[in-house]
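Below, chain A is the first sequence line, B the second, and so on; all start at residue 1. The structure presented is a predicted model; accordingly, all values stated were derived computationally and were not measured.
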2 protein chains.
Amino acid sequence: MPSTGAAIRSTAEAQRGRITAAAVRVFARTGYFATPVADVASDAGVSPAYVFRLFGSKLGLFIAATAHTYSRVADTMTQAGEQCPSPQPDDRLDAMTMAYVALIEDRNLILMQAHAQSAASVPEIRDAVQAGLGEVVRAVAVVSGAPAEAVQRFMAYGQLCHLIVQTDLGAVPASWAKSITAGIQHHP
Amino acid sequence: MPSTGAAIRSTAEAQRGRITAAAVRVFARTGYFATPVADVASDAGVSPAYVFRLFGSKLGLFIAATAHTYSRVADTMTQAGEQCPSPQPDDRLDAMTMAYVALIEDRNLILMQAHAQSAASVPEIRDAVQAGLGEVVRAVAVVSGAPAEAVQRFMAYGQLCHLIVQTDLGAVPASWAKSITAGIQHHP
DNA sequence: CGCTGTTGTAACTGACCAATCACAAACCTG
DNA sequence: CAGGTTTGTGATTGGTCAGTTACAACAGCG
């Protein structure tokens with residue numbers, strides 16, 4: 001496709017979206033430091049050089065992927081809460097919990113969050129993660145109407161999901177592992 | 001040659017211990033992929049070549065640091081539980097919670113765990129983390145005598161501590177952040 | 001004193017990778 | 001179609017780093 005003409009061009013904005021989606025997929029697998037930009041580029045079907053042109057640097061790319069991830073999570077929580085017929089905070093938190101567990105089916109979002117957190121020693125990434133978490137926590141608190149400590153508990157179990165997915169605890173048959181994963185469905 | 005046949009402590013074993021301790025410190029700061037072995041070596045005051053000699057590879061070094069970290073955590077939990085005068089599971093879990101919060105004062109152990117988890121895409125690291133978690137969970141369950149779901153909750157809030165320390169949530173003044181950090185003191 | 005094993009390092013290598021730049025091809029406007 | 005803008009790539013570069021090798025210093029032991 002490079003040598004002889006006839007390439008269909010698209011707008012930069014569309015490519016930005018495609019590349020961000022690819023970045024979430026690829027960074028979710030191997031994290032920030034272990035992922036070459038070239039891997040994201042090839043997953044998105046463009047050249048590495050173009051990724052640098054659109055995002056400036058690897059850091060810029062990762063931050064875009066991080067922001068996109070938290071936005072999607074916050075949207076999912078908001079939707080789940082608003083679609084819940086009951087106005088009771090507990091019911092709405094339960095609906096959100098189920099929606100979050102459903103996110104585990106696609107491991108990308110949850111692993112991307114975990115990797116973003118672990119790269120928070122980079123100040124710009126830490127800022128992006130703080131912003132993203134704020135978005136999620138506010139969405140959960142406002143839409144559910146639950147008190148602070150229930151929201152805290154919700155987040156704690158969300159972090160437990162990260163642990164389970166990251167270390168593939170669902171595949172560990174030992175009884176201690178079962179006690180940690182109990183009640184949290186996780187497909188193989 | 002000692003006359004009593006007491007075990008001679010080889011200098012190499014001592015260096016191994018020093019280097020493992022340095023590895024925990026340094027890997028806790030920057031994680032597996034972003035940390036050059038040379039950084040660990042210079043923190044331990046030896047040459048990079050010697051680290052490779054003793055640990056075989058960067059991966060071997062990281063796994064040693066990971067195992068050491070989880071062992072120390074498990075020991076801390078066991079001690080906290082056994083030093084608690086009450087035999088009630090809830091009291092003992094509370095004691096362990098306080099001991100774990102105290103670990104946050106020294107951010108090394110908690111950040112090392114977080115980084116080990118996030119590098120679990122490497123199979124050998126995942127295995128080491130699973131083994132370490134098993135050690136911790138068994139210690140908590142056995143010494144506290146608490147039921148599985150209380151142990152699960154204990155681990156969930158432990159993961160929440162990781163999040164708070166990783167992203168420095170204690171320094172975020174917004175109210176959503178306060179609702180997440182409430183009850184979990186954290187001073188740098 | 002040689003002989004052997006252990007501790008430790010300096011110097012090197014080969015691979016990988018972030019970022020840049022010059023250039024090409026398509027699109028738009030008059 | 002002339003001229004300018006946007007989309008996109010191949011080639012390169014400079015730096016970093018995991019792992020190796022060859023060698024030095026030293027202790028124990030006959």
A.B. asks: When you measure from the side chain of Thr11(B), which nucleotide among dT7(D), dT7(C), dC17(C) comes out closest?
C.D. replies: dT7(C)
A.B. asks: Separation of Phe55(A) atom CZ from dG8(D) atom P, in whole Å?
C.D. replies: 12 Å
A.B. asks: Expressed in angstrom and rounded to an integer, what is the separation of Leu61(A) atom CG from dC17(C) atom C1'?
C.D. replies: 14 Å
A.B. asks: Specify the closest pair of heavy atoms between Val40(A) and Ala22(A), including all atoms of both residues, with the distance to one decimal.
C.D. replies: O-CB, 4.0 Å
A.B. asks: Whole angstrom is fine here: how far is it from OH in Tyr50(A) over to P in dA19(C)?
C.D. replies: 18 Å
A.B. asks: What is the separation between atom CZ on Phe52(A) and atom P on dG10(D), rounded to the nearest whole Å?
C.D. replies: 15 Å
A.B. asks: To the nearest Å, give me how far apart CG (Leu54(A)) and C1' (dT6(D)) are.
C.D. replies: 11 Å
A.B. asks: Grab the OH-C1' distance between Tyr32(B) and dA18(D) for me, whole Å please.
C.D. replies: 9 Å
A.B. asks: Is the number of heavy atoms from other residues, nucleotides or ligands under 6.0 Å of Arg29(A) CZ greater than 12?
C.D. replies: no
A.B. asks: Give the intermediate values and the outcome of side chain to side chain donor-acceptor pair (under 3.5 Å) for residues Glu135(A) and Ser71(A).
C.D. replies: CA-CA 7 Å; Glu135(A) 207 182 328; Ser71(A) 289; 3.3 Å; yes
A.B. asks: Figure out the CZ/P separation between Arg53(A) and dA22(C), and round it to whole Å.
C.D. replies: 12 Å
A.B. asks: Among dT7(D), dT20(C), dA18(D), which nucleotide sits nearest the side chain of Val37(B)?
C.D. replies: dA18(D)
A.B. asks: For the residue pair Tyr70(A) and Gln113(A), establish whether any side-chain heavy-atom pair is separated by less than 4.5 Å.
C.D. replies: yes
A.B. asks: Report which part of the nucleic acid Ala49(A) touches: base, sugar-phosphate, or nothing (heavy-atom distance under 4.0 Å, all strands).
C.D. replies: base
A.B. asks: Taking only the side-chain nitrogens and oxygens of Gln15(B), find out if one of them lies under 4.0 Å from OP1 or OP2 of dT7(C).
C.D. replies: no
A.B. asks: Could you state the atom-to-atom distance from NZ of Lys58(A) to P of dC17(C) in whole Å?
C.D. replies: 8 Å
